[in-house]
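Within every chain, numbering begins at 1; the chains are lettered A, B, ... in the order of the sequence lines, protein sequences first and strands thereafter.
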There are 2 protein chains.
Amino acid sequence: MSGMATRRSYGQFCGLAHALDVVGERWTLLIVRELAIGPKRYTELADALTGIGTSLLATRMRQLEADGVIERRLALDKPGSSVVYDLSEAGRELARAVIPLAMWGARHQMADVEFDEELFRAEWLLAFLAADVRNDLPEGLDAVYEFRIGASVAALHLHAGGTRVTPGPTETPADATIAAAPETVAALVGGRLELGEALTQGLLQADGDSAAVAALVGVIEKRLRALVPA
Amino acid sequence: MSGMATRRSYGQFCGLAHALDVVGERWTLLIVRELAIGPKRYTELADALTGIGTSLLATRMRQLEADGVIERRLALDKPGSSVVYDLSEAGRELARAVIPLAMWGARHQMADVEFDEELFRAEWLLAFLAADVRNDLPEGLDAVYEFRIGASVAALHLHAGGTRVTPGPTETPADATIAAAPETVAALVGGRLELGEALTQGLLQADGDSAAVAALVGVIEKRLRALVPA
DNA sequence: CAGTATCCCCCTCGATACTG
DNA sequence: CAGTATCGAGGGGGATACTG
């Protein structure tokens, strides 16, 4: 029995302090982010979280499961005895609760930091796009979008029932394909470039079903507006 | 020159990762919480954050100022050469962005943890009440409420222009006084007790101007409903 | 694949003592 | 009051080896 570190706690009776007792340690919220994109296996997590050690990851997963944020289960659809981690209902609530913090960070990161393609994954951007749009998607929308941001590819599945993000290229052809340079994305999120401008100048290329593209543009515009604080 | 630790960074191009690079270290978000209640001096912060070392606090304040989250200034209204820390505009945005996380924590803390009066400060509760009510306060509301939760006392100032929280008893008589046992508060926030029930049973006592009390009850009810996730 | 088990180094944290 | 200086303990992180 190792790894059973007695967790350090603020020991205050305050919602924020308690939240930080649970998810305030290093790497923990990034694990939640990865699982918010979709269920993942141990090695997939270890890959996504470059820099974390396998030992520490195991400890965090144990803590998160004990705290009821994530659930361990066997993936029946995958080969072998593969274990899959997924967010619990409480974990999903947490993932939603963290969105405003992520938006605050995005706002300031894009303004301050130089974009580095090596450190970027398209699914992070899409997780952000997908978040909370569930409630106001256009009626009857059902489309798959493939995004190519620099070297990173991911897909956004929008349908009335909900949204889904998958890393990598789509298996079946997407309804529309969106391509942009990382710099363009940075400029958009940083507020230095208007979406309309990016489209007319061809910096952001959207090809495919025109109705699907139009719906997506609406969603993106809504999210970009949400970046500007009230 | 000490304390100039090279900060560890996730180095990912992701809003959440960047937010955590800035405020993910131990104590940092609790410092923001304290300043969200109101401007504070160094020793007031050290007192409020029981357990933090003075050295570490100094380091954190330096980092937060460098990152543009807080501002240092001289308090002209206070005696001596007193320095006061306050949130910057970015810091205020951050404080707002963190509310959902605090609510998530409150929801689970009240459900799981035994209330310990020693570890509770009424101003934490009021900061939570005051957050984001700014936009939908009743017209012409202008009242001061004194809260007595167990041994802890704090005041909530509601007026059309905004809200303010002050620790300790009010200097001038409050328009209304609210008193409750910690257990009552825990039951309310944990969803095990209805506000109406608490009032009729006398578990939550509200005395003073009846219009002011009615307005407050409306605000509290709105916040309690917000605890239940969609 | 999904982890556990070590070893080692260093940084971080917490506590205390001290200073202008 | 507003910090700086110092030091000990331990947690975090990388590397690697090993297991079912």
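For D:dC1, the OP1/OP2 oxygens have no side-chain nitrogen or oxygen of B:Ser82 closer than 4.0 Å.
Taking a pair as Watson-Crick or G-U wobble with both distances under 3.5 Å, DNA chain C forms stems of 3 or more consecutive pairs at C:1-20 with D:1-20.
When the P atom of C:dG3 is taken as reference, atom CG of A:Asp47 falls 14 Å away, rounded to whole Å. Regarding A:Arg8, its CZ atom lies at a distance of 7 Å from the C1' atom of D:dG11, rounded to whole Å. Atoms CD (A:Glu44) and C1' (C:dC1) sit 11 Å apart, rounded to a whole Å. If you take OH of A:Tyr10 and C1' of C:dG14, they are 13 Å apart, rounded to a whole angstrom. As rounded to whole Å, 15 Å separates atom C1' of C:dC1 from atom CE of A:Met61. Across the protein-nucleic acid pair, A:Lys40 atom NZ and C:dA2 atom C1' stand 17 Å apart, rounded to whole Å. Computed from coordinates, the B:Glu65 CD to D:dA2 P distance equals 14 Å when rounded to whole Å. In this entry the distance linking CG of B:Leu74 with C1' of D:dA2 reads 12 Å, nearest Å.
Applying the salt bridge (Lys or Arg N to Asp or Glu O under 4.0 Å) test to A:Glu71 and every residue at least two apart in sequence or in another chain returns nothing. Not counting sequence neighbours, the partners of B:Arg148 by the salt bridge (Lys or Arg N to Asp or Glu O under 4.0 Å) test are B:Glu146. Residues satisfying the salt bridge (Lys or Arg N to Asp or Glu O under 4.0 Å) criterion with A:Asp86, sequence neighbours excluded, are A:Arg73, A:Arg92. In this structure B:Glu65 satisfies the salt bridge (Lys or Arg N to Asp or Glu O under 4.0 Å) test with no other residue, sequence neighbours excluded. With sequence neighbours excluded, the residues forming a side-chain contact (heavy atoms from CB on, under 4.5 Å) with B:Ala19 are A:Leu101, A:Trp104, listed by chain and number. For B:Val165, the side-chain contact (heavy atoms from CB on, under 4.5 Å) criterion is met by B:Ile37, B:Glu123, B:Leu126, B:Ala130, B:Leu156, not counting sequence neighbours.
Listed nucleotides: D:dG13, D:dC1, C:dC13. Nearest to the side chain of B:Arg60: C:dC13. Relative to the side chain of B:Arg62, the nucleotides D:dA2, C:dC1, D:dT4 differ in distance, and D:dT4 lies closest. In this structure, of C:dT4, D:dG3, D:dA2, it is D:dG3 that holds the atom nearest to the side chain of B:Tyr85. Closest to the A:Arg41 side chain, of the nucleotides D:dA2, C:dC13, C:dC1, is C:dC1. If you check D:dG3, D:dG12, C:dT4 against the side chain of B:Arg72, the one that comes closest is D:dG3.
Screening residues 172-192 of chain B for side-chain hydrogen bond (donor to acceptor under 3.5 Å, both in side chains), with sequence neighbours left out, gives no hits. Pairs engaging residues 26-73 of chain B under the ring-ring contact (aromatic ring centres under 6.0 Å, His included) rule: A:Tyr10-B:Trp27 [sequence neighbours left out].
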Sequence neighbours excluded and cut-off under 3.5 Å, please list the side-chain donor-acceptor pairs for residues 28-36 of chain A, or say none.
unit_1: A:Thr28; atom_1: OG1; unit_2: A:Glu25; atom_2: O; d: 3.2
unit_1: A:Thr28; atom_1: OG1; unit_2: A:Arg60; atom_2: NE; d: 3.4
unit_1: A:Arg33; atom_1: NH1; unit_2: B:Gln12; atom_2: OE1; d: 2.8
unit_1: A:Arg33; atom_1: NH2; unit_2: B:Gln12; atom_2: OE1; d: 3.0
unit_1: A:Glu34; atom_1: OE2; unit_2: A:Trp124; atom_2: NE1; d: 3.1

When you compare the protein's N or O atoms with those of nucleotides 15-20 of chain C, which come within less than 3.5 Å of each other, and at what distance?
unit_1: C:dA15; atom_1: OP2; unit_2: B:Gly51; atom_2: O; d: 3.2

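Between the CZ atom of B:Arg8 and the CG atom of B:Leu20 there is a distance of 12.5 Å, given to the nearest 0.5 Å.
The stretch residues 19-27 of chain A comes close to DNA chain D through A:Glu25, A:Arg26, A:Trp27, each having a heavy atom under 4.0 Å from the strand.
Of all the heavy atoms in A:Gly11 and A:Ser9, the pair that sits closest is N-OG, 2.9 Å.
A donor-acceptor contact closer than 3.5 angstrom is absent between the side chains of A:His157 and A:Thr163.
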